[in-house]
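None of these values were measured; they are calculated from a predicted model.
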Amino acid sequence: FADMYAQTLCYGLFAARCSPNARLVRFTRENAALGLLAADPLLRRLFGHLAGPDLDGRIAWAVDALIELLNRVDLAMLLRGFGKRDRREDPAVHFYEAFLSEYDPHTRAVRGVYYTPEPIVQHIVRSVDYVLKSRFGLPQGLADASTSLDRSRRAPAAGAAESERTLHKVLVLDPAAGTGTFLSAVIRLIHARVAAGGDSGAWSDYVSNHLLPRVFGFELLMAPYAVAHMKLGLQLIDTGHDFRSPDRIRVLLTNALEGPHELAELPPFSGWPAEDADAAGELDRAPSIMVVLGNPPYSIFGQTPPGPWIRGLLDDYKTGLNERKLNLDDAFIKFIRLGQWHIERRGAGVLAFVVSNTFLDGITHRRMRESLLDFFTEIFVLDLHGSSKKNERTPGDEKDENVFDIQQGVAIVIMIKAR
């Protein structure tokens, strides 16, 4: 609880300070909590407690000291260079990796908090968009707003009449959303396509009715969860969307590797994390996710063993293997199996990740490869190499640099399951 509180407060205030509006005025606790978070009622409530007038007087002095420090930072110098190479770079997202490496390097390592380079994000999002258009007959790709009948076999609540409902066909999930980098790129692509239709007034209705209800993220750490909400909220406001009730950004505070019937251990400071866990469980129970994408953590996910639900799913990757030690504990393997599970339930879809490339030729990964080949109809792999463990060299006999600050090589995988 104390870690979550401190991290959210410190980095949330920094992210608020980096907001273009906050750069123009003297930064205070009040304007940190007002306006910036209007896009998300949950974070508005949280920051109303952490940085607003309800702040406990026993720690107000520490928050005010942090506010004063942020006021003294030369933001023009700090942010110099942002936007020159790519106007879509976001300093609040970019600096989170650096923040966590100082604040808690152990958490950064075990949770896999690494900034995903923009070219990788764009490649994955554009690839998914292309696959939806070319393999699934959806000319609007990620912007597709069509619906279909909910064919799930869930029983109605006690006393309720059985009814049918419609669901969007293209539901998108980033199960390790972090600061929202992939979801931001998805929104950017969708906005460009909808705006190309020429009716600028239709965008806000589209966001409320066809974007927010079908773009989801799961995140376990509180600070990136907060940053993702702020980033995506400000992005939508900048595109001209006017948030109104019941709009909310569907980045949920939950552990994606806990199954639809498991509840995370929740922090004891309010009820809304439980609401997020319930919403995540409801999404897991509805067999409707068509696109799973992102950059999941690679290393062993924390110090506790995986829960029974994901452990049961991983049995599919272990059947028939007789090795004494199975190297299938890395988090990215669990997330690949999770994405495969979502698409199995849907019957068709796309799984697009940037992951460790160790599973491409690992001996104990052979059943995993077999399972993926049996299930998906097409698999595309872009091996980015960069393994310092293998001392990989480029064709010019130079060191093969990794796109991340890690030892193992990485690869982009696009896996397609057509009906």
Side-chain angles (χ1 to χ4, degrees), residues 88 90 93-94 96-97 108 110-132 141-142 170-190 211 214-221 223-225 227-229 231-232 235 249-258 280 283-284 289-299 301 310 330-343 346 349-357 359 372 376 379-382 384 403-404 406 410-417:
R88 295 167 177 168
D90 187 313
V93 173
H94 176 86
Y96 183 66
E97 178 186 340
R108 174 183 178 243
V110 300
R111 299 301 190 198
V113 178
Y114 294 94
Y115 180 75
T116 310
E118 184 74 13
I120 290 179
V121 177
Q122 289 299 316
H123 175 77
I124 288 177
V125 171
R126 290 175 183 170
S127 296
V128 168
D129 184 64
Y130 174 78
V131 166
L132 292 176
L142 282 166
V170 183
L171 265 64
V172 180
L173 172 65
D174 182 345
T179 51
T181 303
F182 279 87
L183 299 182
S184 175
V186 168
I187 291 172
R188 202 157 52 233
L189 184 149
I190 292 174
L211 192 152
R214 64 184 186 86
V215 176
F216 297 85
F218 291 168
E219 175 52 40
L220 181 60
L221 298 179
Y225 165 89
V227 172
H229 275 271
K231 173 184 173 60
L232 299 178
Q235 178 182 2
I249 293 166
R250 286 169 168 80
V251 176
L252 306 175
L253 186 65
T254 189
N255 184 351
L257 297 181
E258 292 178 337
L283 183 63
D284 281 339
I289 299 297
M290 188 175 189
V291 174
V292 183
L293 82 178
N295 175 19
Y298 300 169
S299 61
F301 198 47
I310 191 64
D330 288 343
F332 81 92
I333 296 175
K334 300 181 181 73
F335 277 93
I336 288 177
R337 184 64 188 93
L338 172 73
Q340 182 181 354
W341 175 80
H342 275 293
I343 295 171
R346 174 63 188 257
V350 188
L351 172 60
F353 279 159
V354 53
V355 293
S356 167
N357 64 7
F359 82 103
L372 296 173
F376 290 100
I379 297 178
F380 297 89
V381 178
L382 177 59
L384 300 176
V403 295
F404 300 107
I406 57 176
V410 298
I412 295 172
V413 292
I414 311 291
M415 306 188 195
I416 306 165
K417 171 63 174 177

Under the 3.5 angstrom rule, does the side chain of Gln235 hit a backbone N or O of Ser184 as a donor-acceptor pair?
-> yes
To the nearest 0.5 Å, atom CG of Leu338 lies from atom CD1 of Ile343 at 10.0 Å
Closest non-hydrogen atoms of Ala176 and Pro296, given as atom of the first, atom of the second and distance, are CB-CA, 3.9 Å
Just how far is it from atom CG of Asp129 to atom CG of Leu189, taken to the nearest 0.5 Å?
-> 4.5 Å
To the nearest 0.5 Å, how far apart are CD in Glu219 and CG in Asn255?
-> 9.5 Å
Phe376 side chain near Gln340 side chain, heavy-atom distance below 4.5 Å = yes
Nearest heavy atoms of Ala352 and Ile124, plus distance in Å = CB-CG2, 3.7 Å
For Ala411 and Asn357 the tightest heavy-atom approach is CB-CB, 3.8 Å
Criterion side-chain contact (heavy atoms from CB on, under 4.5 Å) on Val413 and Leu351, from CA distance to verdict | CA-CA 8 Å; Val413 292; Leu351 172 60; 5.8 Å; no
Walk me through it: do Tyr225 and His229 pass the test side-chain contact (heavy atoms from CB on, under 4.5 Å)?
-> CA-CA 6 Å; Tyr225 165 89; His229 275 271; 3.4 Å; yes
CG/Leu142 to CG/Leu293 distance, rounded to the nearest 0.5 angstrom?
-> 8.0 Å
Arg214 versus Val170, closest heavy-atom pair with distance | NH1-O, 3.0 Å
Between Phe335 and Val355, does a side-chain contact (heavy atoms from CB on, under 4.5 Å) hold up when you go through it step by step?
-> CA-CA 10 Å; Phe335 277 93; Val355 293; over 6 Å; no
CG of Leu171 to CE of Met290, rounded to nearest 0.5 Å, is 10.0 Å
Kindly determine whether Ile412 and Phe380 satisfy side-chain contact (heavy atoms from CB on, under 4.5 Å), including the steps that lead there.
-> CA-CA 8 Å; Ile412 295 172; Phe380 297 89; over 6 Å; no
Which one of Val125, Leu132, Val131, Leu173 satisfies the side chain to side chain contact (heavy atoms under 4.5 Å, CB included) criterion with Val291?
-> Leu132
Hey, what do you get for CD1 (Ile336) to CG (Leu372), rounding to the nearest 0.5 Å?
-> 6.5 Å
Of all heavy-atom pairs linking Leu253 and Leu220, the shortest is CD1-O, 3.8 Å
Shortest non-hydrogen contact from Arg250 to Val215?
-> CB-O, 3.7 Å
